[in-house]
Amino acid sequence: MDIFFEIHQDLPREGPGDNASTRRALALLAHLPPQPLIVDVGCGPGMQTLELARSTQGKIMAVDTHQPFLDKLRQRALAEGVSDRITTVQASMSSLDLEEQSVDVFWSEGAIYIMGFEQGLRAWRRFLKPGGYVAVTEATWLRPDPPDDLAAFWAMGYPAMQTVESNLGIIRAADYREVAHFTLPQVGWWTDYYTPLEARIAMLRDKYRGDAEALGQLAVEQLEIDLYRKYSDWYGYVFYIMQKEQE
């Protein structure tokens with residue numbers, strides 16, 4: 001198994017977030033139809049997908065390229081009795097098989113960076129109904145002039161990271177109306193993501209003792225956690241909620 005997926009398999013989430021933040025963002029979407037079509041792009045194992053199913057009567061299309069994540073989501077949906085409203089689709093976020101102006105909400109927690117923040121917003125817009133919404137979380141600089149070691153890490157890990165103001169400008173340039181934005185709480189990084197991830201890293205260090213390549217990848221994962229522990233005031237995930245205005 002690829003070491004990346006061994007590190008990340010069966011974690012509650014594949015990125016920062018928490019159910020309270022999902023509900024907070026969802027509450028900002030006014031006048032949704034009774035059964036909206038929600039496309040959860042880059043859904044991973046689907047913690048937020050299940051929360052969307054609990055909090056709406058919508059039909060949810062959960063999209064990811066990694067079939068084991070989708071299989072896990074399907075198991076969880078069956079256990080919670082919401083599998084009839086969740087359809088899993090193995091596909092790339094850049095090649096979605098959707099009809100134009102058919103989607104009420106695009107949702108993406110911690111995944112739009114794969115395509116690019118601006119590229120994703122522009123690509124998905126044509127599939128949205130007039131008045132439809134996009135709600136995404138994106139890694140964002142919260143303060144200027146980050147410390148050198150932090151700046152160097154993210155220059156390698158995600159050089160496209162922007163400030164809040166820059167991302168709001170991208171939203172406007174992509175022809176959306178900003179509804180709201182808020183920064184995820186630190187608990188959203190730790191409870192369901194970094195804490196179980198750190199435990200997994202410690203376990204795999206023992207398993208791969210003497211394997212320089214695997215230990216190197218584990219060290220990078222641990223460094224990311226350590227940097228957030230030290231520098232969380234400088235960056236975070238921001239929930240951006242926007243609307244395609246009526247045409």
Side-chain angles (χ1 to χ4, degrees), residues 12-15 17-67 69-112 115 120-138 171 174-182 184 192 239-247:
R13 299 186 68 98
E14 282 303 305
D18 61 290
N19 285 340
S21 295
T22 297
R23 291 192 299 271
R24 178 180 174 185
L26 183 62
L28 294 165
L29 311 188
H31 308 301
L32 287 179
Q35 295 183 308
L37 173 59
I38 303 172
V39 179
D40 185 5
V41 185
C43 64
M47 178 175 280
Q48 74 290 331
T49 318
L50 294 171
E51 190 61 30
L52 292 170
R54 295 183 202 107
S55 301
T56 75
Q57 291 300 310
K59 298 287 188 179
I60 303 168
M61 178 185 295
V63 181
D64 206 283
T65 58
H66 190 54
Q67 187 62 46
F69 288 158
L70 299 175
D71 293 341
K72 180 63 67 175
L73 171 56
R74 173 58 54 184
Q75 293 170 10
R76 292 171 173 169
L78 282 167
E80 294 204 20
V82 294
S83 61
D84 60 321
R85 293 192 289 110
I86 296 176
T87 302
T88 58
V89 178
Q90 186 180 27
S92 167
M93 65 176 65
S94 62
S95 55
L96 299 173
D97 184 16
L98 295 165
E99 293 184 10
E100 293 195 6
Q101 298 192 21
S102 64
V103 177
D104 294 291
V105 181
F106 273 102
W107 202 274
S108 187
E109 295 196 28
I112 194 173
M115 191 171 180
L121 298 184
R122 291 186 180 278
W124 301 341
R125 190 178 186 280
R126 68 189 179 96
F127 300 121
L128 275 177
K129 295 177 182 177
Y133 291 93
V134 177
V136 300
T137 62
E138 171 74 345
I171 288 169
D175 291 328
Y176 292 94
R177 178 184 71 85
E178 187 216 350
V179 174
H181 67 274
F182 62 89
L184 294 184
D192 291 313
F239 232 126
Y240 297 95
I241 300 94
M242 67 208 77
Q243 185 176 33
K244 177 182 178 180
E245 296 198 78
Q246 301 283 346
E247 297 173 345

Is the backbone N or O of Gly131 less than 3.5 Å from a side-chain atom of Gln243, with the two atoms forming a donor-acceptor pair by type? yes

Can you confirm whether more than 12 heavy atoms, excluding those of Glu99, are under 6.0 Å from its CD atom? no

Has Arg24 got its NZ or CZ under 6.0 Å from the middle of the six-membered ring of Phe182, at an angle within 45 degrees of the ring axis? yes

Is there a donor-acceptor contact under 3.5 Å from the side chain of Tyr240 to the main chain of Ile171? no

Is there a donor-acceptor pair closer than 3.5 Å between any side-chain N or O of Arg54 and the backbone N or O of Glu80? no

Rounded distance [0.5 Å steps], OG1 in Thr65 versus CE in Met93: 7.5 Å

With side chains defined as the heavy atoms from C-beta onward, is the minimum distance between Ile112 and Leu121 less than 4.5 Å? yes

What is the distance from atom CD of Gln48 to atom CD of Glu109, rounded to the nearest 0.5 Å? 4.5 Å

Closer than 3.5 angstrom, by distance alone: can the side chain of Ser108 be matched with the main-chain N or O of Val41 as a donor-acceptor pair? yes

Please name the pair of heavy atoms, one in Pro33 and one in Asp104, separated by the smallest distance, quoted to 0.1 Å. CG-OD1, 3.5 Å

Could you tell me the separation between the CG atom of Leu73 and the CD1 atom of Ile86, rounded to the nearest 0.5 Å? 5.5 Å

Please check: side-chain N/O of Thr137 versus main-chain N/O of Gly110, any donor-acceptor pairing under 3.5 Å? yes

How close do Tyr176 and Lys244 get, heavy atom to heavy atom, and via which atoms? CD2-N, 3.9 Å

Between CD1 on residue Ile241 and CD on residue Glu178, distance to nearest 0.5 Å: 8.0 Å

So which atom in Leu32 and which in Tyr133 form the shortest heavy-atom distance, rounded to 0.1 Å? CD2-CD1, 3.9 Å

About how many Å separate OG1 of Thr49 and CE of Met61, when rounded to the nearest 0.5 Å? 12.5 Å

So, do Lys59 and Thr87 sit near enough that their side-chain heavy atoms are less than 4.5 Å apart? no

Side-chain contact, heavy-atom cut-off 4.5 Å: His66 with Glu14? no

How close do Trp107 and Leu26 get, heavy atom to heavy atom, and via which atoms? CH2-N, 3.6 Å

Write down the atom of Leu50, the atom of Ala77, and the distance for their closest heavy-atom approach. CD2-CA, 3.8 Å

Test item: Gln90 and Thr88 side chains (from C-beta on) under 4.5 Å apart, heavy atoms: no

Tell me, with the steps shown, if Met47 and Asn19 meet side chain to side chain contact (heavy atoms under 4.5 Å, CB included). CA-CA 8 Å; Met47 178 175 280; Asn19 285 340; 3.5 Å; yes

Arg85 side chain to Ala53 main-chain N or O, any donor-acceptor pair under 3.5 Å? yes

Asp97 atom CG, over 12 foreign heavy atoms within 6.0 Å: no

Less than 4.5 Å apart, any side-chain heavy atom of Leu70 and any of Cys43? yes

Any side-chain heavy-atom pair of Ser83 and Arg74 under 4.5 Å: yes

Strictly distance-based, threshold 3.5 Å: is any side-chain N or O of Ser55 a donor or acceptor partner for the main-chain N or O of Glu51? yes

Closest non-hydrogen atom pair between Glu100 and Arg126, with its separation: OE2-NH1, 3.0 Å

Among Leu98, Val136, Ile38, which residue meets the side chain to side chain contact (heavy atoms under 4.5 Å, CB included) test with Phe106? Leu98

Donor-acceptor contact below 3.5 Å, side chain Arg76 vs main chain Gly46: no

